[in-house]
Amino acid sequence: MELSNVDTILENRGAEPFDIIEVLQDLQGLHGYLPEELLCRVSESFAVPLIEVFRLASFYRAFSLKPRGRHLVTVCLGTACHVRGAPRMLDEVVAQLDVEPGETTEDRAFTLETVNCLGACALGPIVVIDGEYHGDMSPGKLRALLGAVRDGDQAVVASV
Amino acid sequence: MARTVTITVDGATIQTAEGSSVLDAALEAGICIPNLCHMPSVSPIGACRVCIVEVVDDGRRKMTASCTLGARDGMVVEAHSETVLRARRHIVELIVAEAPNSRAVQDLAARVGVTRSRYPMRDKHCVLCGRCVRVCDEVWQSKSLGFVGRGGDRHVALPFDKRPDLCKRCNSCVEVCPMTITPCPGPMAVPGICGLCESQTSMVENIPDTCVMCELGRGFQCARWQLRGLLAPA
């Protein structure tokens, strides 16, 4: 873990306990998840008990305590998406990636998550891949989309 | 000298120190308001809602937890009205469904007259009363454990399930937990309510709002029972 990065983040943010969330957001953005040693460091730096930092990290859906894959697939299961067939989208992703919601594929390529609403109900069913919203999804479109992302991922992995 | 305020609980006029809670005032005066998450000398959080009462203000009735309700001069409180008793039984039914294996919870059910629960037994061995969390934080200044997660996933845990260095191994979190009170030797009808304490139940039903220092108090760790050693003449 590059501790120098952590130091920079801690320096750039305030030192009051209410600044912890901003630091956690930065760390989440940098690493894709919140590793244990970083939370320990944050707790030392702010001089708050570790449970306080852990409590925050476990409370918000935006934070992950487990390593995430290189690509994040989020399926909206809100009411509007649900009636427009979101469960079928989820089944499709589960079948394609062979992971349950909240899990990461073995090759660390994909993490599957569900969300309760994205506030874009007119576009439902929605699947978000790496921050990009894909509305009016169908199992077929989703399969093609996942295939394209996987091909891109394998090209990048191969080139490294 | 702290200012005193006068409140009325179930028709009885009680004087209590300003700033004390209605629950503390009532228990002090010997009026039994059943409670679970309340502990003497630890801040109240109103987690279990068992101690709900009705506050009558100018004809309006509002239900609220008495442990987090500060006593104000002239306050009129009903702790055993029909509405309160019904709501309290309902709350205890929910608590029983969460943790039927606890002697404290079984005694509490007997105390408020709950003999069955309409809810599926979830048997989670925790009612999220927060006694352990508060005793760790406030009595031992340790903050080793706390609430983690949210919604249905909210639970008490250690950070990363490891004992942090802050923990003083005092074991208080276990001692105050309603789940750890030594079970009664009788058979526990799990899942369900054993109802073997029905003699106690009829007693508390006949004299509902008077503290008789019942043995049930030991089960649900009633604040007054815990102070009994101090209150009773030697």
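Letters A, B, ... are given to chains in the order of the sequence lines, protein chains preceding strands, and every chain is numbered from 1.
- What you find for A/S58 and B/G149 is that their closest heavy atoms are OG-N, 2.9 Å.
- Shown here for B/L158 and A/F54, the closest heavy-atom pair between the two residues is O-CE2, 4.1 Å.
- The side chain to side chain contact (heavy atoms under 4.5 Å, CB included) with A/P49 is formed by just one residue from the set B/L166, B/D137, B/L145; it is B/L166.
- How far OG of A/S43 is from NZ of B/K143: 11.5 Å, rounded to the nearest 0.5 Å.
- Ranked by heavy-atom pairs under 4.5 Å with chain B, the list A/V48, A/L65, A/V53, A/L50 is led by A/L50.
- Surrounding NE2 of A/H134 are more than 12 heavy atoms belonging to other residues, nucleotides or ligands, all under 6.0 Å away.
- Closest of all the heavy-atom pairs between A/I51 and B/P159 is CD1-CD, 3.7 Å.
- For a residue to count as touching a neighbouring chain, one of its non-hydrogen atoms must lie under 4.5 Å from one of that chain's; by this rule A/L56 does not touch chain B.
- Enclosure of atom OH in B/Y119 by more than 12 non-hydrogen atoms of other residues, nucleotides or ligands within 6.0 angstrom is indicated.
- Counted within 6.0 Å of CZ on B/R163, heavy atoms from surrounding residues, nucleotides or ligands total more than 12; the atom is thus considered enclosed.
- In this structure, the side chain of B/R150 engages the main chain of A/F59 through a donor-acceptor pair within 3.5 Å.
- Remark: B/D165 CG is loosely packed, at most 12 non-hydrogen atoms of other residues, nucleotides or ligands lying under 6.0 Å away.
- Within 6.0 Å of the CG atom in A/N116, the count of heavy atoms belonging to other residues, nucleotides or ligands does not exceed 12.
- Note on B/G151, B/G146, B/P164: by heavy-atom pairs under 4.5 Å with chain A, the leading option is B/G146.
- Heavy atoms of other residues, nucleotides or ligands lying less than 6.0 angstrom from NZ of A/K141 number more than 12.
- Dense packing is recorded around CG of A/D91, with more than 12 heavy atoms of other residues, nucleotides or ligands lying under 6.0 Å away.
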